[in-house]
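Comments concern the structure below.
Below, chains carry the letters A, B, ... as their sequence lines are ordered, and counting in each starts from 1. Note: hydrogens, waters and symmetry copies are ignored here, and every other heavy atom, side chains too, is used.
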Amino acid sequence: MTVARIEARFAALKEEGRPGLVVFVTAGDPDLETSLEVIKGLPAAGADLIELGMPFTDPMADGPAIQAAGLRALNGGQTLRKTLDLVRRFREDDATAPIILMGYFNPIYSYGVAAFLTDAKMAGIDGLIVVDLPTEEDPELCLPAMAEDLAFIRLATPTTDEARLPTVLRNTSGFVYYVSINGITGSAAPDTAAVSAAVTRLKGHTDLPVAVGFGIRTPEQAAAIGATADAAVVGSAVVSMIGTAAAEGLSGPDLAARVNAFVATLAEGVRGARRSAA
Amino acid sequence: MVQAASATPNSFRTGPDEHGHFGIHGGRFVAETLMPLILDLEKAYETARKDPAFRAELTYFLTHYVGRPSPLYFAERLTDHFGGAKIYLKREELNHTGAHKINNCIGQILLAKRMGKKRIIAETGAGQHGVATATVAARFGLPCTIYMGETDIERQSPNVFRMKLLGAEVKSVTSGSRTLKDAMNEALRDWVTTVEDTFYIIGTVAGPHPYPAMVRDFQAVIGHEAKAQMMKAEGRLPDTLVACVGGGSNALGLFHPFLDEPDVRMDAVEAAGLGLETGKHAASLAKGRPGVLHGNRTYLLQDDDGQIIEAHSISAGLDYPGIGPEHSWLHDIGRVNFVSATDQEALDAFQLCARLEGIIPALESSHALAHVARIAGDLPKDHVILVNLSGRGDKDIFTVAKALGAEL
């Protein structure tokens, strides 16, 4: 399915006249089986797309919540190979929810780009977000991934000015991820008016859907962002909840139930931001 | 004419290419938030380096504030002790703040001023780069935050206090291995948040382009001076250059002006920690493989999954699981020989240099001296070795005392 699965999901959202909810969780957090339970429950809880974090020892763009999630997963023995296998198992029951891998380049580079793309496609992955691959490094992974019909989703940020935007939007597919603040994941809440202006600016340069993330923690914020963006991404708030639940001794279906109950409130928020179909 | 990638280049000094690559190494592997600034920095540096006014200002501060040129000193007693090659020391430890790090800091802060930046950040391992950065920030009146791993704060407490005296805020980093790599992660997290007004003074020849080339250029003053000083002292170039290498700024600063001198051998000394076979070391060329971290591709200590492995060295300044990308390239093409010295060998060389020459070297530089101790005796008396004594060891006395079982 690959990039087509993402396009189909955004087309359906447009049809419904509502923004989507993208939920980020780290693969293997707090352990592999619990992680699978969480992910399996996400579509029913109202996540329209799933962003699956690939744990890395040195997550330079992430705040404390996602750093801690990565560490929990790595301490549990998570590897990129196991992350791909997690997606393969998810796909046994779910053929429609788009899954995007998000993380840093080194584990992919270490795996081998060609082997990774083959295995990722086979596992049922639809797109990639690789934080430390700006457009200047497109030959590394972006171009090979797009040749394999995997979406390579670009991050645009408040520092990406008009002059640079066309460069950033070249060689991209699926959707554009607007990073709402200069900063790391889980930072302060973005200014909704500024985000709205930025989304409008982006849409002047691309026909791709625009998802907005970084700093969105509550159903209300998700709804406010969803008023202009095509999707809102929530990550740190969800993985913090996983961390807390794991620290309380929860795992498996119990942990998944608590996390997905929160995801359901986010979904409700986003769905409340219903707009007239464009 | 198409040449094989492995062919020897006409010059070893032309890198990097326009994308910041040295062979397969280098590049710009950073988050999009930082990319516009990285491009601005590249432009600003290109303009500055060709501007006579900038060069004059740099020379002024290197001369009157840093105290350059640093002496080239014939280490007669070490030479006699080993009974072989003539040993010269390039006395970078005599610079203001006690190490080579300030050469680069002066250059970068002048650039920061030109770019209108209002705040300085830096990472530090041993604290030498942190002290040098805090020093120039004080001199140029800019607020400064230094990120330092909690482990390093414990073992380099004199430098922590020096930074505070200089008016810098020292932030303790408690993530990961709590050493240099984690301090660099945290500095990058700060930078991505404050990118509009903050200048990140990277302390070594690593990071996204243009940092590796820029830091090298600022440190190359070491090699340029040494070349002229050696001509005066010996009437010829040295036979062997020796320098320690963590990120590799003092080594590249010495080596770069000599790279196209075919008769000059270059030995760079990685930290072998408790021994290369123990896994507790910081020898990324000896034991690592190419990967991507902190903005560049280079040799890294990593596991089969591409996760970064924590380095170990008694010397906080070498305790890093990577190395500058130009070194990785010089290793690939065989221009520089990379060897290693253990914690114990460095400790022995530290004490020997103190007792024979009256110079207490930094533990980092002691790795270079340890390699000299291995090779000097077997070389003929007309063989000239030039060692970069990159820093002084006052900061290390607590670590050394602990290792020797002495109470302070």
Side-chain angles (χ1 to χ4, degrees), chain A residues 54-64 67-68 70-71 73-74 77-83 103-112 116 130-137 139-141 154-161 163-165 167-168 177-179 181-185 187-188 214, chain B residues 18-21 24 26-40 42 174-177 181-198 207-209 288-298 300-310 321-322:
Chain A
M54 300 175 276
F56 182 48
T57 40
D58 294 81
M60 295 164 302
D62 285 302
Q67 288 177 43
L71 213 57
L74 289 173
Q78 191 66 13
T79 61
L80 184 51
R81 202 168 289 282
K82 287 183 182 174
T83 298
Y104 299 82
F105 186 43
N106 199 53
I108 295 173
Y109 181 68
S110 171
Y111 196 104
F116 168 76
V130 183
V131 178
D132 51 357
L133 287 180
T135 179
E136 280 72 8
E137 303 293 349
E140 297 285 340
L141 180 65
R154 196 73 78 184
L155 302 171
T157 71
T159 58
T160 313
D161 61 19
R164 182 167 168 82
L165 207 43
T167 309
V168 169
Y177 188 133
Y178 182 67
V179 175
I181 46 153
N182 286 338
I184 52 178
T185 54
S187 304
F214 280 45
Chain B
E18 61 183 310
H19 304 294
H21 293 140
I24 67 160
R28 284 175 289 212
F29 296 87
V30 296
E32 169 61 23
T33 311
L34 296 177
M35 213 41 233
L37 180 72
I38 296 273
L39 295 173
D40 275 357
E42 187 185 345
T174 56
S175 56
S177 58
K181 103 179 154 73
D182 311 283
M184 200 150 179
N185 289 336
E186 214 53 42
L188 283 163
R189 289 181 188 122
D190 179 315
W191 202 25
V192 85
T193 310
T194 58
V195 59
E196 307 279 1
D197 70 344
T198 295
H209 177 65
R289 57 193 168 84
V292 172
L293 180 70
H294 294 154
N296 55 192
R297 177 170 17 234
T298 194
L300 297 172
L301 299 177
Q302 54 185 320
D303 69 12
D304 291 343
D305 188 43
Q307 306 296 338
I308 307 304
I309 294 174
E310 291 170 13

Do the side chain of [X] and the main chain of [Y] share a donor and acceptor less than 3.5 angstrom apart?
X       : Y       : value
E136(A) : H19(B)  : no
N106(A) : V292(B) : yes
T57(A)  : I308(B) : yes

[X] versus chain A, heavy atoms under 4.5 Å apart: side chain, backbone, both or neither?
X       : value
Q302(B) : side chain
I24(B)  : side chain
H21(B)  : side chain
I309(B) : neither
P208(B) : neither

Non-hydrogen atoms of chain B under 4.5 Å away: do they reach the side chain of [X], the backbone, both or neither?
X       : value
V168(A) : side chain
P59(A)  : both
D62(A)  : backbone
F56(A)  : both
Q78(A)  : backbone

Task: Top contributor to chain B interface from T159(A), L71(A), I108(A) [non-hydrogen pairs under 4.5 Å] - done: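 Most pairs with chain B among the choices: T159(A).
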Task: Most chain B-contacting option - heavy-atom pairs closer than 4.5 Å, from V179(A), I181(A), L74(A), T135(A) - done: L74(A)
Open item on the list: Only pairs of heavy atoms separated by less than 4.5 Å count here; which of D305(B), L293(B), T194(B), L39(B) has the most with chain A?
Closed with: D305(B)
Roughly how far, to the nearest 0.5 Å, is the [atom2] atom of [Y] from the [atom1] atom of [X]?
X       : Y       : atom1 : atom2 : value
N182(A) : E196(B) : CG    : CD    : 5.5 Å
M60(A)  : F29(B)  : CE    : CZ    : 11.0 Å
R189(B) : I184(A) : CZ    : CD1   : 6.5 Å

Shortest non-hydrogen contact between [X] and [Y], atoms and distance:
X       : Y       : answer
S175(B) : Q67(A)  : CB-OE1, 3.8 Å
S110(A) : G306(B) : OG-N, 3.4 Å
L155(A) : E32(B)  : O-CG, 3.3 Å

- [ ] Decide if atom CG of D304(B) counts as having more than 12 heavy atoms of other residues, nucleotides or ligands within a radius under 6.0 Å.
- [x] no
- [ ] Tell me, yes or no, whether the heavy-atom count around R81(A) atom CZ, taken from other residues, nucleotides or ligands under 6.0 Å, exceeds 12.
- [x]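 Atom CZ in R81(A) is not crowded, with 12 or fewer foreign heavy atoms closer than 6.0 Å.
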